[in-house]
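Every heavy atom of this structure was used, including side-chain atoms; hydrogens, water molecules and symmetry mates were not. Below, chains carry the letters A, B, ... as their sequence lines are ordered, and counting in each starts from 1.
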Amino acid sequence: MRVEGDMVKDGVKIAAGLLAHYDVHARRLPWRALPGANATGAYRVWLSEVMLQQTTVAAVGPYFAKFTARWPSVESLAAADDADLMAAWAGLGYYARARNLLACARAVVRDHGGHFPDTEEGLRALPGVGAYTAAAVAAIAFGRRAVVVDANVERVVARLFAIDTPLPAARPAIRAAADAITPDARAGDFAQAMMDLGATICTSRNPACGICPLRDDCAAVRTADPAAYPVKAAKKTRPHRNGHGWWIERAGGHVWLVRRPDKGLLGGMRALPSSDWSADPDAAPPFAADWRTLADPVAHVFTHFSLALTVHTTHVEQDHAPSGAGEWWPVERIADAGLPTLFARAAQAVLKEKDADARH
DNA sequence: GAGACGTGGCC
DNA sequence: TGGCCAAGTCT
């Protein structure tokens, strides 16, 4: 381990080298200000940061375009209808982010006059804004010096200093090292430069060390396997679960949709009525009827379990409504219902089967 | 601190 | 093909 003075001196060199590289190679992303332009607003920075949590740039692109076109300001977003916003988020995943997004926009309008707080501490108090996002917005939108640590930065820093303590135990050491190389000026550009480096060169697999601007300062590149950093604790195997979903269609071409509870999996989203996720192979349907079962269950993988959803269909009379809260949704507009991917796939499977039947 | 929480792409 | 991974947060 080097003494702290050397580390700080190296930090200045590392930051300067990375920023010089960034000035030439920065990715052009919709939520970034163009080079030479005024800073993009805090609203767009915050919106992009929330969308990018655990989500790839490619996946975020169309959602960011859709949201900023429909809700161009934090005031307009705060005034959005809850169901509309959840439907617009459908497919992007981690739906607690959408509920917190709305709560955050409303807090900014109600408590801060429509202006985002410009400090990490102020930002950190907002719903859905954790340590990473608070630091990123403070640095990128407000030019504050903040130590921005995401998975990219963890990987880059772990390699730069060959930190071999496994994650998550290595977090304090990684954060201290990130702090040591974060410059006082251009902290926002530095953060984005670190994330660009992690996304394009210092990648998880097959890092492109040969073209890395930090190669000369990197401890890992002098080891047999730079990609071995950061070291991670072994993960548990993912359990499998079985569940049932029910497609209830009314004469006239409407299907019964429910809204899932705010807490828990797919919280707050429109959905088909369904069992819990550990149901008996022959779980009871919501009511007695002539149920038909699709031959192939819908296979879906969540973060912490995989699911086989068996889908059952039936038809009911015009005046019949299932018990409990729900709404009849036009089948031909099912794509606009804002179903999360699991249920969108279930609907697809039902409609495909109907289509096949109609051909016979 | 560890588990819950989505989805799609990659090898 | 199944596991890993992606600009994390909340409890």
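Going from atom CG of A:Leu307 over to atom CZ of A:Arg238 covers 12.0 Å, rounded to the nearest 0.5 Å.
With C:dC10, B:dT7, C:dT9 as the choices, the nucleotide that has an atom nearest any side-chain atom of A:Thr133 turns out to be C:dT9. Closest to the side chain of A:Arg124, from the set B:dC5, C:dC10, C:dT11, is C:dC10. Ranking B:dC5, B:dG9, C:dA7 by closeness to the A:Leu29 side chain, first place goes to C:dA7.
Taking the C1' atoms as reference points, C:dA6 lies 14 Å from B:dC5, given to the whole Å. Across the P atoms, C:dT9 and B:dG8 are found 22 Å apart, a figure rounded to whole Å. Across C:dA7 and B:dA2, the matching P atoms stand 23 Å from one another, rounded to whole Å.
A sub-4.0 Å separation between OP1 or OP2 of B:dC5 and a side-chain N or O of A:Arg238 is absent. Contact between the side-chain N/O atoms of A:His304 and the OP1/OP2 oxygens of B:dC5 is found at a separation under 4.0 Å. At least one side-chain nitrogen or oxygen of A:Tyr95 sits closer than 4.0 Å to the OP1 or OP2 atom of B:dT7. Regarding contacts with the backbone of B:dG6, every side-chain N or O of A:His300 stays at 4.0 angstrom or more from both OP1 and OP2. The side chain of A:Thr341 contributes an N or O atom lying less than 4.0 Å from OP1 or OP2 of B:dT7.
As a whole-Å value, the separation of A:Ile174 CD1 from C:dA7 P is 14 Å. In this structure, CZ of A:Phe302 is placed 10 Å from C1' of B:dC5, rounded to the nearest angstrom. In this entry the distance linking CZ of A:Arg205 with C1' of B:dC10 reads 5 Å, nearest Å. Residue A:Tyr22 contributes atom OH, which lies 14 Å from atom P of C:dA7 at whole-angstrom precision.
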Assess whether side chain to side chain contact (heavy atoms under 4.5 Å, CB included) is satisfied between A:His300 and A:Arg345, documenting all intermediate values. CA-CA 9 Å; A:His300 195 73; A:Arg345 286 190 181 152; 3.0 Å; yes
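Both A:Lys236 and A:Arg345 lie close to DNA chain B; mapped to their nearest nucleotides by heavy-atom distance, the more 5′-ward contact belongs to A:Lys236. Of the two residues contacting DNA chain C, namely A:Leu126 and A:Met195, the nearest-nucleotide position lying further toward the 5' end is that of A:Met195.
Ring-centre distance between A:Phe116 and A:Trp46: below the 6.0 Å cut-off.
For residues 51-70 of chain A, proximity to DNA chain B is found at A:Gln54, A:Thr55, defined as any non-hydrogen atom under 4.0 angstrom from a strand atom.
No donor-acceptor contact under 3.5 Å links the side chain of A:Arg97 to the base of C:dA7.
Here A:Val258 sits in one hydrophobic cluster together with A:Trp246, A:Ile248, A:Trp256, A:Phe287, A:Trp291, A:Val316, A:Trp328; the rule is ILVMFWY side chains under 4.5 Å apart, joined directly or through other members.
Cation-pi check for A:Arg241 over A:Phe305 is met; the charged atom lies under 6.0 angstrom from the ring centroid and within 45 degrees of its normal.
Counting heavy atoms of neighbouring residues, nucleotides and ligands inside a 6.0 Å radius, atom CG of A:Asp296 does not exceed 12 of them.
Across every non-hydrogen atom of A:Leu272 and A:Leu257, the tightest pair is CD2-CD2, 3.7 Å.
Ring pair A:Phe64/A:Trp31 is perpendicular by interplanar angle, where above 60° counts as perpendicular and below 30° as parallel.
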